[in-house]
Protein chains: 2
Amino acid sequence: MAEPLYRQIADSLRAEIEAGQLAPDAQLPTETELQQRFSASRNTIRDAIKSLIMIGLVETRPGQETFVAGRIEPLTTVLSGRSTGTGEMSELDMYISMKESKGRHLDVTDPQVGIQRARDELAIQLGVAKGQPVISRQQRLSIDDIPWSMQTTFYPMEFVNKGALRLIEEAHIEEGVPAYLRDAIGVTQNSSRDLIMARAPDRDEAAFFGLSGQVPVFEIQRTGFDGKGNPIRLAVIVYPADRNRFIYEEGPNPATPDGQQPLEGEIK
Amino acid sequence: MAEPLYRQIADSLRAEIEAGQLAPDAQLPTETELQQRFSASRNTIRDAIKSLIMIGLVETRPGQETFVAGRIEPLTTVLSGRSTGTGEMSELDMYISMKESKGRHLDVTDPQVGIQRARDELAIQLGVAKGQPVISRQQRLSIDDIPWSMQTTFYPMEFVNKGALRLIEEAHIEEGVPAYLRDAIGVTQNSSRDLIMARAPDRDEAAFFGLSGQVPVFEIQRTGFDGKGNPIRLAVIVYPADRNRFIYEEGPNPATPDGQQPLEGEIK
DNA sequence: GGGTATTTGTCCGTATGTATT
DNA sequence: AAATACATACGGACAAATACC
């Protein structure tokens, strides 16, 4: 047995889908039909389908049928550039400006504010002592009713003591947190560092994003620094990898990507 | 039945692993033992284990047993900075310099050179007409005998016509391709754009990297531009997401990450 | 709303193949 | 060669979700 039967079946179906014989969003034959077609047991058919689910090619709906996964047009976000990296805008403001320019419908939940004690990683990244309280603000963002990102931002509690009281209010800060911090307590961000990783979603994330198969998420940790190089905030943003891409530009003459696939989410 | 049995078992095992009761690289009980312990059939136990494989928590070895996946210490690579973004170094040189500074053992295969006709995406990215020939150079990189990245770089055929003949030789270019292009034909890269995405590995990639479960890969497309903003090369680099992270720094005063997790791969 | 048919999800038992020790 | 453990494959049974009448 060179190749297991379930894998042969999976490859066969995969070929059909990629050849376009099975259109996106269209049904696959039912398990019973596939059973007859490949002369295999239902469990073997199901193993084949499972392997297709794993690579995100199909999705099943109980009571209905199995569908070829519709290709999602990924949103491309430019993460470099003065507007974000140096903190003139928050990461959310970036999308809000995109909405205006592109006419997309955008939903941002009110922040869920919490105070927790910083431990290990977080304490180091925010430059506070371990066990010190930090503020966390979590928001979820949807674009055209598709869940798009989950963002948690951490700030030292010290900022509130100094007068930035709105940080602990569960309301969106219209002018943007960076502008608010500057005006309220004179803290400005002028450099940043992004740490990018990919991993499997946890339960919450899978539920919010509706990740069926085994779609990974990006986790981007953006640390903002003031002029002296001290960390002033840490934003942890989680994006589903099937609908998001990122661009970083570098150098004196950043080329504008033209002709290429539509680069939405870019701010000018 | 609130929660399916196989999921309860998976959660139970997952809790044990994360609590450290089952050490990394140590065996899980055999399927037969788990069968007795949870009073479930072998197929159900296997379904539970499959779901753990999917999230990369365990790996099975036929004839042996099931192992808790050893935590891989991820390598963090700084992708911003003049040294890489403006093309003073190639992406591979970056790692070579890392090797020297950190004393790691590093293997780079000789490039596999090909000539193909550019179509669609590639033609646009390289700024050549569709159907024009382009050079591709593919190399694979391992660190301490662990497969680490696959890199394919594309150049316009025009460069060879102008005299950069070593581009089509299947030999490593010691001084680095950017330096060679500058000296040979006066082409210099002074800006770049990185497009970052994550996806499931294809067959080749899964085989080379030895990806067992459902570990995604990063695909980074780095386009290099000359002083006039014309694309001069496209590097497509694939990294397994379980052992790689990336950093981009921005702003006038890039903070050096200290105290944090070891930031290897950084060049100074 | 209820009932029924269809389809996928879960679970079991069993048999045989394959890889490793 | 034999024993052990995971991989594949089949068959059957019932549950849960959905659509339709």
Side-chain angles (χ1 to χ4, degrees), chain A residues 1-14 17 22 25-70 203 206-207 210-214, chain B residues 1-14 17 22 25-70 203 206-207 210-214:
Chain A
M1 192 189 309
E3 193 85 333
L5 180 55
Y6 81 94
R7 185 153 287 288
Q8 291 179 38
I9 296 173
D11 286 342
S12 171
L13 291 173
R14 183 157 156 266
I17 292 172
L22 291 171
D25 262 348
Q27 283 100 347
L28 243 65
T30 66
E31 293 179 351
T32 326
E33 287 169 322
L34 291 173
Q35 213 175 136
Q36 294 166 4
R37 177 167 146 198
F38 290 103
S39 311
S41 77
R42 180 167 168 245
N43 280 326
T44 303
I45 297 292
R46 283 179 60 72
D47 280 344
I49 291 180
K50 270 182 208 162
S51 76
L52 294 179
I53 292 175
M54 277 219 307
I55 61 177
L57 210 58
V58 303
E59 57 187 59
T60 57
R61 301 183 207 163
Q64 302 182 33
E65 291 185 21
T66 303
F67 294 81
V68 178
R203 236 182 174 70
L211 297 180
S212 55
Q214 200 52 22
Chain B
M1 190 191 310
E3 192 84 335
L5 181 54
Y6 81 94
R7 187 153 287 288
Q8 291 180 38
I9 297 173
D11 286 343
S12 172
L13 290 173
R14 183 157 155 267
I17 292 173
L22 291 170
D25 260 350
Q27 283 99 347
L28 242 64
T30 66
E31 293 180 351
T32 327
E33 286 169 322
L34 291 172
Q35 211 175 137
Q36 293 166 5
R37 177 167 145 198
F38 290 104
S39 311
S41 79
R42 193 167 92 92
N43 282 330
T44 303
I45 297 292
R46 285 180 58 70
D47 281 343
I49 290 180
K50 270 184 209 162
S51 76
L52 294 179
I53 291 177
M54 277 218 307
I55 60 177
L57 210 59
V58 302
E59 58 188 58
T60 57
R61 299 183 209 163
Q64 302 181 36
E65 291 187 20
T66 303
F67 295 80
V68 178
R203 238 182 174 69
L211 298 179
S212 54
Q214 200 54 20

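The figures that follow rest on heavy atoms only: side chains count, while hydrogens, waters and symmetry mates do not. The model shown is predicted, which means the values in this text are computed figures rather than measured ones. Chain identifiers are assigned alphabetically (A, B, ...) following the order of the sequence lines, protein sequences preceding nucleic acid strands; residue numbering begins at 1 within each chain.
Looking only at side-chain heavy atoms (C-beta outward), B/I17 and B/V58 come within less than 4.5 Å of each other. Here the side chains of A/R14 and A/D11 are in contact, with some heavy-atom distance below 4.5 Å.
A search for side-chain contact (heavy atoms from CB on, under 4.5 Å) contacts involving B/A10 returns B/A48, B/S51, B/L52, not counting sequence neighbours. A search for side-chain contact (heavy atoms from CB on, under 4.5 Å) contacts involving B/T60 returns B/I49, B/I53, B/T66, not counting sequence neighbours. Every side-chain contact (heavy atoms from CB on, under 4.5 Å) that A/P29 has, sequence neighbours left out, goes to A/E33, A/L34, A/R37. In this structure B/E65 satisfies the salt bridge (Lys or Arg N to Asp or Glu O under 4.0 Å) test with no other residue, sequence neighbours excluded. Under the rule for a salt bridge (Lys or Arg N to Asp or Glu O under 4.0 Å), A/R7 has no partner lying at least two apart in sequence or in another chain.
D/dG12 atom C1' lies 12 Å from atom CD of A/Q35, rounded to whole Å. Between the P atom of D/dC6 and the CD atom of B/E59 lies a distance of 13 Å, rounded to the nearest Å. Going from atom OH of B/Y6 over to atom P of D/dC14 covers 21 Å, rounded to whole Å. Taking atom CZ on B/R61 and atom P on C/dT21, their separation rounds to 9 Å, with Å as the unit. Between the C1' atom of D/dA9 and the CZ atom of A/R7 lies a distance of 15 Å, rounded to the nearest Å. In this structure, CD of A/Q36 is placed 13 Å from P of D/dG11, rounded to the nearest angstrom.
Considering only the side chain of A/T60, C/dT8 comes nearest among D/dC6, C/dC11, C/dT8. Of the candidate nucleotides D/dC6, C/dT8, C/dT10, D/dC6 has the atom lying nearest to any side-chain atom of B/E65. Of the candidates C/dT8, D/dT8, D/dC6, C/dT8 carries the atom nearest the A/E31 side chain, counting heavy atoms from C-beta on.
OP1 or OP2 of D/dT4 has not a single side-chain nitrogen or oxygen of B/Q64 nearer than 4.0 Å.
Taking a pair to require two hydrogen-bonding distances under 3.5 Å in either a Watson-Crick or a G-U wobble arrangement, D/dA1 remains unpaired.
Residues from residues 40-47 of chain A placing a heavy atom under 4.0 Å of any atom in DNA chain C, listed by number, are A/R42, A/N43, A/R46.
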